[in-house]
Number of protein chains: 2
Amino acid sequence: MGRRGEHSKSEIECMALEAAEAIIEGEGFDALSARKVASAIGYTVGSLYFVFRNLDELIQRINGRTLDQLYAGLIEALSDCRHPQQCIYALGGGYLAFAARHPHRWRMIFEQQPRDDNLSIEIYQEKMDRLYELMEIQLKALAACPEEEVFIATRALWSGLQGVASMTIGRKPDREEEQWAQKLSRHLIGHYLAGLGTTQFNSRVNQSVGRLIDCPK
Amino acid sequence: MGRRGEHSKSEIECMALEAAEAIIEGEGFDALSARKVASAIGYTVGSLYFVFRNLDELIQRINGRTLDQLYAGLIEALSDCRHPQQCIYALGGGYLAFAARHPHRWRMIFEQQPRDDNLSIEIYQEKMDRLYELMEIQLKALAACPEEEVFIATRALWSGLQGVASMTIGRKPDREEEQWAQKLSRHLIGHYLAGLGTTQFNSRVNQSVGRLIDCPK
DNA sequence: AGTAAAAATGAACATCATTTAATAAAACAT
DNA sequence: ATGTTTTATTAAATGATGTTCATTTTTACT
């Protein structure tokens, strides 16, 4: 096969992905370059283009792997919780823990839009849906959540978690930043779910409290 | 003054900012380059570096202006609402409307971390705090929100909105994407506030419902 | 008019992603 | 074993980027 016969095409592919991930984790996304990846695996830059169409493809592959790892992490996080509400907290905690542990790779998923005519984010849609599903299952198991609202509730909760991560992760190289993120997450989930469990019959109650007003349709 | 005596230093600065903003709005952030900005205002690239230290500084200036415009937009959005809860919906609506109308510039605020030793996001802290304050005022006016939780509730709500925007805006060049964002926003705010109004005395109630579990401290 | 300061330029440098012609090694055929 | 084709790999070339700097041009002042 290869000139040195040392590595097959898929081996080089794998080495390149791992080298690139190491660069990103260590020095951030801006430090990534084709030449750096190539020399890290002992090849020249041209060989990278023999394996990947371009850098965007390599980045997309890394993002795919990251999403897979995230999914595995969330499955793991779900392993020691029973009640659906506990599971939802676990999903939030697992997501923020992952984002805090891999801030650069986590940011890359959302911030790198390929400039090709490739359908930008659509590529991850399947992997994203798989993540959504984890939340959807828990919400369906939650009597407090009316069936027809599960779809939007899933998106609302994930969006909330995404926002918490976006506002806290990777800004400072702090240790406390994850704790703050976790606190925000639990607060948001807690109150949202409480509201979800009451809003079906509390519009009158709230008005009697004198302040709450229905959300404009 | 200037060679052609036509523009003062601050005039060139202003022209450059506007030209750069036009490029970003029209072609996206990746299309921005020093040479393109320079030629758009009828100067050469060197002159840009006479006014800005580097491109990062120009980007930071644009981000500052964007945050100012966003603040003005939110003040405007607050003008026709009375009850604090209405105002919170208005803040969400205003934020998403702005993000949908200026997706590239909105994304730039959060996605462009300068690689200088400049304290990345800290520069916007003041302008950010001003935005937070708008929410804080409404939450304080909301009897449903206990005083000591206003701080975290403010961050939770803004994070939620940020997440909604992040998950919806700029992905597709669609018209409906803002409507979906608005729907998600209203849903999230509505249920969160409902929960905020009840969670102070409902932990027992929820347990009696048989599903809800207190948020782990 | 002559000089110093300021403003503006354009060329140069280093780096980047990407392409391509040339080369080396392996696989296969005869 | 030898010649041919296929594949893997390289090094150089291209064009664009941010940034710097010596040089030129214009203005302001003496």
Side-chain angles (χ1 to χ4, degrees), chain A residues 1-17 19-21 23-24 27-63 104 108 111-118 120, chain B residues 1-17 19-21 23-24 27-63 104 108 111-118 120:
Chain A
M1 309 276 175
R3 173 185 181 180
R4 316 196 194 129
E6 295 182 30
H7 306 108
S8 72
K9 204 164 163 178
S10 66
E11 277 174 329
I12 294 180
E13 194 176 303
C14 187
M15 289 162 60
L17 289 173
E21 283 167 359
I23 292 170
I24 292 165
E27 313 171 54
F29 171 76
D30 289 336
L32 185 73
S33 81
R35 285 170 173 80
K36 202 179 280 188
V37 172
S39 84
I41 63 175
Y43 282 82
T44 54
V45 60
S47 297
L48 266 192
Y49 287 83
F50 185 68
V51 174
F52 301 99
R53 230 166 354 120
N54 49 36
L55 263 202
D56 275 348
E57 184 172 301
L58 183 142
I59 290 169
Q60 276 175 32
R61 294 289 303 276
I62 292 178
N63 285 342
H104 291 124
M108 208 171 78
E111 298 183 1
Q112 249 47 46
Q113 62 250 11
R115 33 211 156 296
D116 292 5
D117 44 2
N118 296 335
S120 61
Chain B
M1 309 276 173
R3 174 186 182 179
R4 316 200 193 124
E6 295 181 28
H7 306 108
S8 73
K9 202 165 164 178
S10 66
E11 276 174 332
I12 294 179
E13 194 176 303
C14 187
M15 289 162 60
L17 289 173
E21 283 167 359
I23 292 170
I24 291 165
E27 313 171 55
F29 172 76
D30 288 335
L32 186 73
S33 81
R35 285 170 172 83
K36 202 181 280 190
V37 172
S39 84
I41 63 175
Y43 283 82
T44 55
V45 59
S47 298
L48 264 192
Y49 286 82
F50 186 68
V51 175
F52 301 98
R53 231 167 355 121
N54 48 36
L55 264 201
D56 274 348
E57 184 172 302
L58 183 142
I59 290 169
Q60 276 175 32
R61 294 289 303 279
I62 292 178
N63 284 343
H104 291 125
M108 208 171 76
E111 298 183 1
Q112 250 47 48
Q113 61 249 11
R115 35 213 155 293
D116 292 5
D117 44 2
N118 296 335
S120 60

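Throughout, a chain's letter reflects where its sequence line sits, starting with A, and its residues are numbered from 1.
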What integer distance in Å separates [X]:[atom1] from [N]:[atom2]?
| X | N | atom1 | atom2 | value |
| --- | --- | --- | --- | --- |
| Asp56(A) | dT18(C) | CG | C1' | 12 Å |
| Ile41(A) | dA8(D) | CD1 | P | 14 Å |
| Leu55(A) | dT19(C) | CG | C1' | 14 Å |
| Phe50(B) | dT19(D) | CZ | P | 17 Å |
| Lys36(B) | dG15(D) | NZ | P | 18 Å |
| Glu57(A) | dT18(C) | CD | P | 11 Å |

**Message:** Let me spell it out: for each of Ile12(A) and Ser33(B), pick the nucleotide of DNA chain D with the closest heavy atom. Which residue's pick is nearer the 5' end?
**Reply:** Ile12(A)
**Asked** Between His7(A) and Ile12(A), is there a donor-acceptor pair closer than 3.5 Å when you use the side chain of the first and the backbone of the second?
**Response** no
**Prompt:** Is the closest side-chain heavy-atom distance between Phe29(B) and Glu111(B) below 4.5 Å?
**Reply:** no
**Message:** Looking at Arg35(B) and dA16(D), is any side-chain donor or acceptor paired with a base atom of the opposite kind under 3.5 Å?
**Reply:** no
**Request:** Compare the minimum distances between each of dT19(D), dA8(D), dT18(C) and the side chain of Asn54(A), then state the nucleotide with the smallest one.
**Result:** dT18(C)
**Asked** Under the salt bridge (Lys or Arg N to Asp or Glu O under 4.0 Å) test, which residues partner Glu27(A), sequence neighbours left out?
**Response** Lys36(A)
**Message:** Using a 4.0 Å heavy-atom cut-off, does Tyr49(A) contact any base of the nucleic acid, only the sugar-phosphate backbone, or nothing at all?
**Reply:** base
**Asked** If only side-chain N and O atoms of Thr44(A) are considered, is one of them under 4.0 Å from the OP1 or OP2 phosphate oxygen of dT10(D)?
**Response** yes
